[in-house]
2 protein chains.
Amino acid sequence: MHTLSEENYLKCIYRLWQDKGQKITPTAIAESLGNNPASVVDMIRKLTDKQLIVYDKKKGVELTAQGQKDATLIVRRHRLWEVFLLEKLGYHWDEIHDIAEELEHIKDATLADRLDKFLGFPEYDPHGDPIPKANGKMAKRYSTTLADLKPGSQCRVAAVKDTTSAFLQYLIKLNINIGTKIQLIEKISFDSSLVISIDGNERTTVSQKFGESLLIDM
Amino acid sequence: MHTLSEENYLKCIYRLWQDKGQKITPTAIAESLGNNPASVVDMIRKLTDKQLIVYDKKKGVELTAQGQKDATLIVRRHRLWEVFLLEKLGYHWDEIHDIAEELEHIKDATLADRLDKFLGFPEYDPHGDPIPKANGKMAKRYSTTLADLKPGSQCRVAAVKDTTSAFLQYLIKLNINIGTKIQLIEKISFDSSLVISIDGNERTTVSQKFGESLLIDM
DNA sequence: AAATAAAATTAGTCTTGCCTAATTTTATTT
DNA sequence: AAATAAAATTAGGCAAGACTAATTTTATTT
Ligand SMILES: [Mn+2]
Ligand SMILES: [Mn+2]
Ligand SMILES: [Mn+2]
Ligand SMILES: [Mn+2]
């Protein structure tokens, strides 16, 4: 079994790999975890010894098949616990991430599967991220952002790309949730701000950064 | 906040204090946690510095008011999670302790209270131990054992004193649960074995040790 | 009271997971 | 190609929490 730190590194590498599909460097991992690059080098050695990753100076860090499988299960637990916290305990979606960050490390052979069943086998977590099944398969991840939409079109909020409290609380204030319909009315060419209509209501203007943080479905 | 180890020591001291009401020595703590006495001495120093315990060679280890409060909240979390695992996820009562041992350390200001509400404010955990309320108060702990009962009397199983898998699985086999009615038919004077009738069914004989591990209500 | 046994404590070590500072390697500019 | 900047690595250290072995203190026997 893996330690809590090993699991956090694994998950971090998995996320960087999914996000960018780019070369994963020690510096990138360090930045993402808020650790020092020297510490990352230590952990790279440990995970390499455990055959969970392969590190090549040219290609960067890559997960082995085993590492990928293990990382997926941690993500599965994280997202299932998020659903539990939101749906069963009534937390808001800006409060659940940090708690799930701890819950995901609870070790028991059948816990995730029982939780999954208890929750009714949800496909997506409260942020719109797909929940891996026990076999590692998962539903589609959305990749189009509101900023990619062409003016005049309508869309449905599918997921959030940014899960910081600041962003999520802003969404709560704007009354935007997963499933909310948004129409892009105009894109201001000066700074790419977006004029939108939320659920058919009066117009609001949001920044480009905002638009790039919302994943949509058409 | 406390580390995982500090919390485990606190809870251990709390349990020893409730169980025996006796002098709590480093050796007793070491035995209970499966640690070396030298390690216990280290932790006694740390908990003393944090003003959670007072240690006096004559009187042994004692929890301060703060230590007692903190220990109670850990026990609260442990028992609430046990209820969750049994009632919502369908685990058996011999499987929940170890998982709750990890879950009890999840840190969030409102988690225990939300879980408590979600579970319907249970008074007792699946082993019959009272669940402390947020204010530290809790329902009665049972102390009479089946071995204390006088032959001919009837009782209700209120709690288990021993929570090892071996004992709990034996209870499952005997079809004994919290709430089960037991009649003590005879006490064998040779070795204090007990002849009992479970839920009015045919007689069974159990050992003295068994009788001392079942807490009852009359 | 001495002798012996048990319990408590100290001293020193180990592993994990982090750090800083120094150095080496690799990339990017000029 | 040389100079400079950035990234990666090494070396050494620290705190937590455990350990073993040695020693001291306290309790129990004889
Ligand atoms: Mn985590
Ligand atoms: Mn999420
Ligand atoms: Mn625990
Ligand atoms: Mn219990």
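Source: prediction; values computed, not measured. A note on names: the letters A, B, ... follow the listed sequences, proteins ahead of strands, and every chain is numbered from 1.
Summarising the base pairing, D:dT30 is matched to C:dA1 through a Watson-Crick or G-U wobble pair whose two defining distances lie under 3.5 Å. In this structure, C:dT23 forms a base pair with D:dA8, meeting either the Watson-Crick or the G-U wobble geometry with both donor-acceptor distances under 3.5 Å. Applying the Watson-Crick and G-U wobble criteria (two distances, each under 3.5 Å), D:dC19 pairs with C:dG12.
Put simply, NE2 on B:His105 is 12 Å from P on D:dG17, counting in whole angstrom units. Remark: C1' of D:dA16 and CE of B:Met1 are 18 Å apart, rounded to the nearest angstrom. Taking atom NE2 of B:His2 as the reference point, atom P of D:dG17 lies 12 Å away to the nearest angstrom. Straight-line distance from the CG atom of B:Leu33 to the C1' atom of D:dC19: 15 Å, rounded to whole Å. The distance between atom CD of B:Glu7 and atom C1' of D:dG17, rounded to the nearest whole Å, is 15 Å. The distance between atom NZ of A:Lys57 and atom C1' of D:dA7, rounded to the nearest whole Å, is 13 Å. Atom CD1 in A:Ile29 sits roughly 13 Å away from atom C1' in D:dA7 (whole-Å rounding). Distance CG (B:Asp49) to P (D:dA15): 14 Å, rounded to an integer number of Å.
Between the side chain of B:Glu95 and the backbone N or O of B:His92, at least one donor-acceptor pair lies under 3.5 Å. Listed for the A:Ser32 side chain is no donor-acceptor partner under 3.5 Å among the backbone atoms of A:Ala28. Panel note: side chain B:Thr64, backbone B:Leu52; a donor-acceptor pair is recorded below 3.5 Å. Side-chain atoms of A:Glu6 come within 3.5 Å of backbone atoms of A:Thr3 as a donor-acceptor pair (strictly under, hydrogens ignored).
Under 4.0 angstrom from either OP1 or OP2 of D:dA16 there lies no side-chain N or O belonging to B:Arg45.
Seen from the ring of B:Phe118, B:Lys88 counts as a face-on cation partner, given the 6.0 Å and 45° thresholds. Under the 6.0 Å distance and 45° angle rule, B:Lys57 counts as a cation-pi partner of B:Tyr55.
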Short heteroatom pairs, N/O only, protein and nucleotides 20-25 of chain D, under 3.5 Å:
unit_1, atom_1, unit_2, atom_2, d
D:dT20, OP2, B:Asn36, ND2, 3.1

Tabulate protein N/O versus nucleotide N/O from nucleotides 15-17 of chain C, keeping only pairs under 3.5 Å, one per line.
unit_1, atom_1, unit_2, atom_2, d
C:dG17, OP1, A:Thr3, OG1, 2.5
C:dG17, OP2, A:Lys46, NZ, 2.9

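Judged by closest nucleotide on DNA chain C, B:Ile44 is the one of B:Ile44 and A:Pro37 placed further toward the 5' end.
When B:Asp116, B:Asp125, B:Asp70 are each tested for a salt bridge (Lys or Arg N to Asp or Glu O under 4.0 Å) with B:Arg76, only one passes: B:Asp116.
Salt bridge annotation for B:Glu104-B:Arg79: absent, with no cationic side-chain nitrogen under 4.0 angstrom from a carboxylate oxygen.
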Applying side chain to side chain donor-acceptor pair (under 3.5 Å), run through B:Ser39 and B:Asp42 and close with a yes or a no. CA-CA 5 Å; B:Ser39 314; B:Asp42 284 350; 5.7 Å; no

